[in-house]
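Index from 1, following the sequence. No experiment lies behind these values; they were computed from the predicted model shown.
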Amino acid sequence: MNISHLRYEATLLAGEVSQQIEVRFQSLERLRETMGTINDAGWLSYQLRQSDSLLALFEGVVVANREGSIVADWPAVVGRVGLETADLEYFRMLRGTRQPYVSQPLVGRASRMSMVVVSVPRFTQQGDFNGYVGGIVSLDSGGLFSRLARVRLGKSGYAAVVTASGKILYHPDRALVNDSVLDKSLNVWLDLALDGWEGDGLGKALNGQTALQSYAQVWPASWIVGLYLPIEQAQMPLAGFIQKLWWLWVLFALAMLPLLWWVLGRELLPLKHLEKQIGEVGEGHRENVSLATNMQELQQVASTFNRVEEERQFLLGNLHEREAFLDSVLNAAPQGMFVANISGDITYMNPALLEMLGISADLPIDAWLTQVHPDDIEGAQDMWRHSLLTGNEFIRQLRFLRSDDELLWLDIHGRVVMLSQNRHTLGLVGVVKDITERREQEAIQRWEAEHDPLTGLLNRRGFERRLEESFADFQKTGTPSALMFFDLDHFKPINDEGGHALGDEMLRRIAREVTSIVRRSDYIARQGGDEFGVLLPSCTLSQAKKIAEALRQAVGKVAVTHEGKQYTVTLSVGVTAFNESDTNVADILARADAGSYKAKDQGRDGVVVNTSVNNHNSY
């Protein structure tokens, strides 16, 4: 059996498994359409019992609501109805992607069997996520891999199926099912296949044997089908044939060796003379070759060599002139310039570039590459190799730490040099500019655009951008986050009696106090005047309330003095949390703002938790 046959079998098996997955998706989608959008558990159980034909494809079928709780199953398994699946990866994928999905292998909490769950999402009439319909496929007795169990690859070849995350779904050794591939680096072909590669090669299998391997992708489920044939078995027919002819070849070679040696030496004598003279030309001891032989072929070779040598000497002279001219141009150029060979190694840097980087011309490339910023080096090297491979321009900005600890921002623009005749790459030439001052100015402008100049906190624009980003993360992952708004009570007398300078000092002190209390991951903003906001990513409502109380108590102790009179302020804080019913950040902002107003209405110096703008009982 050769590698082509192995590749054909792998592709065929992957196609069959893909088709079986698609059939199961289609069956569940038809069941979903029959159920409609009704969420009554009795109705859903009735529909499942009317779908006994699905038991030819699944060991069981379940229906879960939008919170991930299983409300109906068939056949009924004690303990399965009521199970919570919201914390399982396939529920999060269904809710996030809203597409059919095959779960990672798991052990059923009610049935205690190894399985995967083939699921399709359900939707409300408005198109919102409304749970899922799932089919249970056993990894022990399901018919999904029955075709693989019948595959015969000689005596010891076999087929296996793994997930893209490295979980074993099917293997002739049933003890390995549901285990992880221990060390993917031991099998380079399997490691590539887990990243989406399809193909074949020779390498170590999971059992340590060297085997021919072929991989094909089961795209609907993100699985990989692998076929393995030990190399000993693949080479067995050829090895037997070679063994039979071995002695005959040995005897024939021994008999012919002396004769061949004598004939070869006689025929190659003129060629040895030619070799010697070519070597002398190369060393500069003679200008051309001259042979005394009747062999027309060698005479033609000598004549051709002499002509080529003359042309080489002429071109070499031109090359030296061009190199001298190029060196003069590069050395006089005020901009940093470099030249790299076909392997990507920099072979020349002009004086302007050496001065810019603060390195010497004899410093090895490995030494000064360590001065490139660690966050920039890997991406720059990947693009460097890509440019050499494809011929595209190399354009990159990166950071470089000079030996005197000055950090530079460099703009590098390289162009691949190719021969026009066959598009053969010769290397790279490029220009390097020091853009440190420009980058610093851009950073200052970006900071000023999103920060309050008085307190150094975020301004309204910067705060709302981070709020939008956190809300987008919440919609994808469901991670709880909170928001609080607060006004300063009794702040107006400070401005009126002490002037705006005193008011500004109070605002700065409050900003420092708030910054010292909230977490490093939180975002604080001065919305305008004496209004502040705090965004608390990955924070529950109860945690946010505790932080708000701590802020209220701490700010109440901040004071400024003018003409012997001490001024203090209090906080009216509104706290809310992100909610799945929120359609945009405006809903969250409105709840926090309403909570702050409620705190003022209740006498100020307080914290109000608001979970709904329109429901006053939620305060």
Side-chain angles (χ1 to χ4, degrees), residues 13 16-25 27-28 31-32 41 44-45 47-49 51-65 68-94 100-121 131-151 158-182 206 218 220-226:
L13 289 173
E16 291 182 9
V17 175
S18 297
Q19 185 178 12
Q20 292 195 45
I21 293 295
E22 292 290 354
V23 167
R24 285 162 170 77
F25 278 151
S27 299
L28 293 176
L31 176 59
R32 176 184 66 187
L44 297 174
S45 297
Q47 289 297 329
L48 290 182
R49 292 193 298 273
S51 304
D52 274 343
S53 60
L54 289 178
L55 299 185
L57 301 175
F58 304 103
E59 274 65 45
V61 185
V62 299
V63 181
N65 60 22
S69 178
I70 295 178
V71 297
D73 72 331
W74 183 254
V77 174
V78 175
R80 190 148 64 190
V81 172
L83 285 178
E84 298 295 334
T85 64
D87 59 337
L88 299 182
E89 55 87 23
Y90 70 85
F91 179 82
R92 296 195 299 270
M93 288 296 295
L94 285 167
Y101 180 69
V102 180
S103 77
Q104 293 292 310
L106 52 91
V107 176
R109 288 173 286 179
S111 64
R112 309 310 302 171
M113 68 177 177
S114 296
M115 66 174 72
V116 293
V117 181
V118 181
S119 309
V120 297
Y132 65 87
V133 181
I136 298 170
V137 177
S138 171
L139 298 181
D140 299 322
S141 60
L144 191 60
F145 303 127
S146 58
R147 170 75 171 86
L148 276 72
R150 297 193 298 271
V151 171
Y158 63 93
V161 180
V162 298
T163 68
S165 62
K167 283 278 190 176
I168 299 175
L169 296 172
Y170 172 80
H171 194 280
D173 183 357
R174 304 302 297 169
L176 297 176
V177 172
N178 217 10
D179 284 350
S180 296
V181 177
L182 295 178
L206 292 180
V218 180
S222 294
W223 295 347
I224 301 98
V225 172

Output the distance between atom [atom1] ([X]) and atom [atom2] ([Y]), rounded to the nearest 0.5 Å.
{"X": "Q104", "Y": "N178", "atom1": "CD", "atom2": "CG", "answer": "10.0 Å"}
{"X": "K167", "Y": "L106", "atom1": "NZ", "atom2": "CG", "answer": "9.5 Å"}
{"X": "I21", "Y": "Q19", "atom1": "CD1", "atom2": "CD", "answer": "11.5 Å"}
{"X": "L94", "Y": "L88", "atom1": "CG", "atom2": "CG", "answer": "11.0 Å"}
{"X": "R49", "Y": "D73", "atom1": "CZ", "atom2": "CG", "answer": "10.5 Å"}
{"X": "I136", "Y": "L54", "atom1": "CD1", "atom2": "CG", "answer": "12.0 Å"}

Closest approach of [X] to [Y] (non-hydrogen atoms, all atoms of both residues):
{"X": "V120", "Y": "R32", "answer": "CB-NH1, 4.2 Å"}
{"X": "P220", "Y": "V102", "answer": "O-CG2, 4.4 Å"}
{"X": "I70", "Y": "V62", "answer": "CG2-CB, 4.1 Å"}
{"X": "V218", "Y": "S18", "answer": "CG1-OG, 3.4 Å"}
{"X": "P75", "Y": "G60", "answer": "CD-CA, 3.9 Å"}
{"X": "A159", "Y": "P172", "answer": "O-CD, 3.5 Å"}

Below 4.5 Å, heavy atoms only, C-beta onward: do [X] and [Y] meet side chain to side chain?
{"X": "Q47", "Y": "W74", "value": "no"}
{"X": "Y170", "Y": "V225", "value": "no"}
{"X": "F91", "Y": "E84", "value": "no"}
{"X": "V137", "Y": "F58", "value": "yes"}

Please answer whether the main-chain N or O of [Y] pairs with a side-chain N or O of [X] as donor and acceptor at a distance below 3.5 Å.
{"X": "R109", "Y": "G79", "result": "no"}
{"X": "S103", "Y": "V116", "result": "no"}
{"X": "R24", "Y": "Q20", "result": "yes"}

Can you check whether Y90 and Y132 have ring centres sitting under 6.0 Å from each other? yes
